[in-house]
Amino acid sequence: MKNCDQFRELIEAYALGALDPEDRAALEAHLAAGCPDCAKAVEEARWLVCQLAYTAPEATPSDMLKGRLMQTVRAEAQSERKPRMLPTKNAIPSWLWVGVAALLVFSVYSAWTTRRLQNEIREANERAATLGIEHGRVLEQLADAKREAMIMMDPTSRKIALWGEHAHPETLEAKWHSQLGVCIVGDKVPMPSANHVLQVWFIPKKEGAKPMPSAMVRPDANGKLMLYVSAPPESMDDTKAIAITEEPAGGSGWPTMPILWSGKVT
Amino acid sequence: MFLAAFTSSGPREVPLDATLLSRLMQKDVSAFEQLYDRHSRLVYGLVLRILQQASTSEEVVQDVFLQLWRNADQYDSSRGPFVPWLCTMARNRALDHLRLKSERQRRREDQPEELPSVVVAPDYEKALDEKRRAERVRALMASLTPQQKKAIELAYFEGLSHSEIAATLKEPLGTVKSWIRNGLLRLKEGLQATT
Ligand SMILES: [Zn+2]
């Protein structure tokens, strides 16, 4: 029977995964018997071993890898997150489900938004026809398109004007629905520089809180912009303002460029 | 007044990994993207060092980040730092890839894998930024004897055990054990002394 001191000699190699089976079994039995000192030493050694990762030279994976990942992640986010964010049917007035496209006529950006939503719905239907198995997901995409429309149309959505700074005099409009999320639409939006995106920031009310990074978008070729944030970082009442800056593609964790548009939430 | 919200928080800070992870649990795509942009070079470098082959390494890195995306809730950010945990997952996956060659084992790889348990930072852990930490660890590794360094690298990057390393280096088992232990203890002392 070995004592703790002898086990201590095995702990670094154990964390490294270098123990031969016999030593490993002995140490694991000792740990399983509940030795808090050795358990703590193992934790420390595991952390130490993790530091060895830094001795590998950093390398940049291909953009293709990131592209594949982001594609997968976006698709999964649509099929996984949204249903949870979706309020129960009863919470949505039924009139909103009916004739969404027709109601959009009243929207400032109606023509474009309507066309876009119609296209999305048509594409979703086509996909549903070819891919029977994906039906559920397609229906969720449809629900997404409808949800954007509902945010724009629901009279309870709070309208927030995002005023442009000197270089960008056009005003964007955000609509914040307490349950469905935030939609931001804009027209004649200047194109960000190459490899840059427009990134949305939510500024919490809390004193000293940092701007929370959110969705990124590039306007289309005609300068139309529509962006949907299903889960803003804070509730409407806890958010002071929404702002938009131009950031390098991929977005930033902290605004690195001047604010282009901003508006007070309350 | 509103602009003050941007400027009053002192130096430009990026959100902590923990903040991004909590957003990841709500399936926040931009949080995922930020974590990827922040850590993919380290993770890919590690996996590439283990597998020595770009396309397989990218597959593994893809697996690792997808696991992170799908199972972020298994990571408890209150218990330990994120990067060591992520690197553990990446190393485990890469070493599995290295070891598992048979068809049967390959199939097993497709199944979702247990994520590593949280890596708890020791009391002596210093809050170094990633760049300084990497520099520090590299400098400390370079200060080990060539034998200590070689033995640790064979274990860490090639997944070899004590006796496999002894056979590879044609050195006595006891010697290899002490190279590894003394090397790691020296690394630990160096990190403890780092301010
Ligand atoms: Zn013990």
Side-chain angles (χ1 to χ4, degrees), chain A residues 9 12-13 16-21 23 43-62 64-66 68-70 72-74 76-77 80-81 201 203-204 208-216 231 233 240-241 243 250-256 259 262 264, chain B residues 2-3 5-6 8-9 12-15 23 26-30 32-34 36-37 40-42 44-46 48-49 58 61-62 65-66 69-70 83-84 87-88 90-91 119-122 125 133-134 137-138 141 152 155-157 159-163 165 177 180-181 184-185 187-188 191:
Chain A
E9 287 179 12
E12 283 74 24
L16 190 58
L19 284 185
D20 287 305
D23 285 342
E43 278 193 346
E44 288 204 6
R46 284 181 57 216
W47 180 85
L48 182 67
V49 164
C50 288
Q51 305 305 305
L52 294 171
Y54 293 104
T55 65
E58 282 197 356
T60 308
S62 69
M64 301 255 292
L65 173 63
K66 183 173 174 184
R68 284 199 304 271
L69 265 172
M70 294 312 297
T72 309
V73 160
R74 283 200 185 95
E76 292 189 5
E80 285 174 32
R81 172 188 48 178
W201 303 88
I203 320 299
K210 303 174 181 68
M212 299 292 286
S214 186
M216 285 159 274
K240 180 154 67 176
S252 303
W254 177 265
T256 63
I259 295 167
S262 60
K264 278 189 190 176
Chain B
F2 154 69
L3 286 175
F6 268 28
S8 66
S9 313
R12 280 179 180 172
E13 282 176 46
V14 289
R23 285 169 48 198
Q26 292 152 28
K27 298 293 171 194
D28 181 328
V29 173
S30 81
F32 175 82
E33 188 168 18
Q34 286 183 62
Y36 178 85
D37 289 343
S40 59
R41 285 173 49 81
L42 176 66
Y44 180 64
L46 170 60
L48 188 63
R49 172 71 178 77
E58 289 206 346
V61 172
Q62 181 172 330
F65 278 94
L66 279 181
W69 165 252
R70 289 169 185 161
V83 172
C87 288
T88 304
R91 177 186 176 232
V119 179
V120 180
E125 148 83 332
R133 181 185 297 283
V137 174
R138 280 176 203 147
M141 271 300 268
I152 289 172
Y156 187 74
F157 293 119
L160 299 189
S161 70
H162 275 151
S163 55
I165 295 166
K177 284 183 180 178
I180 288 180
R181 178 148 203 266
L184 285 175
L185 289 180
L187 186 62
K188 178 177 165 179
L191 287 169

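Here is how names work: the chains are called A, B, and so on, in the same order as the sequence lines, proteins then strands, and each is numbered from 1.
- Met212(A) touches chain B through its side chain: at least one heavy atom from C-beta onward sits under 4.5 Å away, while N, CA, C and O do not.
- Only the side chain of Ile180(B) comes within contact range of chain A, with heavy atoms under 4.5 Å apart.
- Taking each heavy atom of Tyr44(B) and Pro61(A) in turn, the nearest pair found is CD2-N, 3.5 Å.
- Minimum heavy-atom separation, Tyr156(B) to Val49(A): CE1-O, 3.5 Å.
- In terms of non-hydrogen atom pairs under 4.5 Å with chain B, the most contact-rich of Ala18(A), Ala53(A), Cys50(A) is Ala18(A).
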With side chain to side chain contact (heavy atoms under 4.5 Å, CB included) as the criterion, how do Leu69(A) and Glu33(B) come out once you've worked through the C-alpha distance, each side chain's angles and the decisive distance to 0.1 Å?
CA-CA 9 Å; Leu69(A) 265 172; Glu33(B) 188 168 18; over 6 Å; no
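- Residue Leu48(B) touches chain A through its side chain alone, counting heavy-atom pairs closer than 4.5 Å.
- Of all the listed residues (Pro21(A), Ala45(A), Pro213(A)), the one sharing the greatest number of non-hydrogen pairs under 4.5 Å with chain B is Pro213(A).
- Heavy-atom pairs under 4.5 Å with chain B peak, among Ala13(A), Ala215(A), Pro233(A), Ser62(A), at Ser62(A).
- Here CE of Met70(A) is found 8.0 Å from CH2 of Trp69(B). Values are rounded to the nearest 0.5 Å.
- Summarising the geometry, atom CG belonging to Leu184(B) is positioned 11.5 Å from atom CD belonging to Gln51(A); distances are rounded to the nearest 0.5 Å.
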Begin from the C-alpha positions of Arg70(B) and Glu76(A) and carry the test salt bridge (Lys or Arg N to Asp or Glu O under 4.0 Å) through to its verdict.
CA-CA 9 Å; Arg70(B) 289 169 185 161; Glu76(A) 292 189 5; 2.5 Å; yes
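- Within the 4.5 Å cutoff, the side chain of Leu65(A) has heavy atoms near those of the Tyr36(B) side chain.
- Counting heavy-atom pairs under 4.5 Å between each of Pro57(A), Ala59(A), Ala56(A) and chain B puts Ala59(A) at the top.
- With rounding to the nearest 0.5 angstrom, the CG atom of Leu48(A) is 5.0 Å from the CG atom of Leu187(B).
- Judged purely by atom type and a 3.5 angstrom limit, Arg138(B) uses its side chain to pair as donor or acceptor with the backbone of Tyr54(A).
- By the 4.0 Å N-to-carboxylate-O rule, Glu12(A) lies too far from Lys188(B) to be salt-bridged with it.
- The candidate from Arg49(B), Glu58(B), Arg41(B) with the greatest count of non-hydrogen atom pairs under 4.5 Å with chain A is Arg41(B).
- A donor-acceptor contact shorter than 3.5 Å is absent between the side chain of Gln62(B) and the backbone of Arg68(A).
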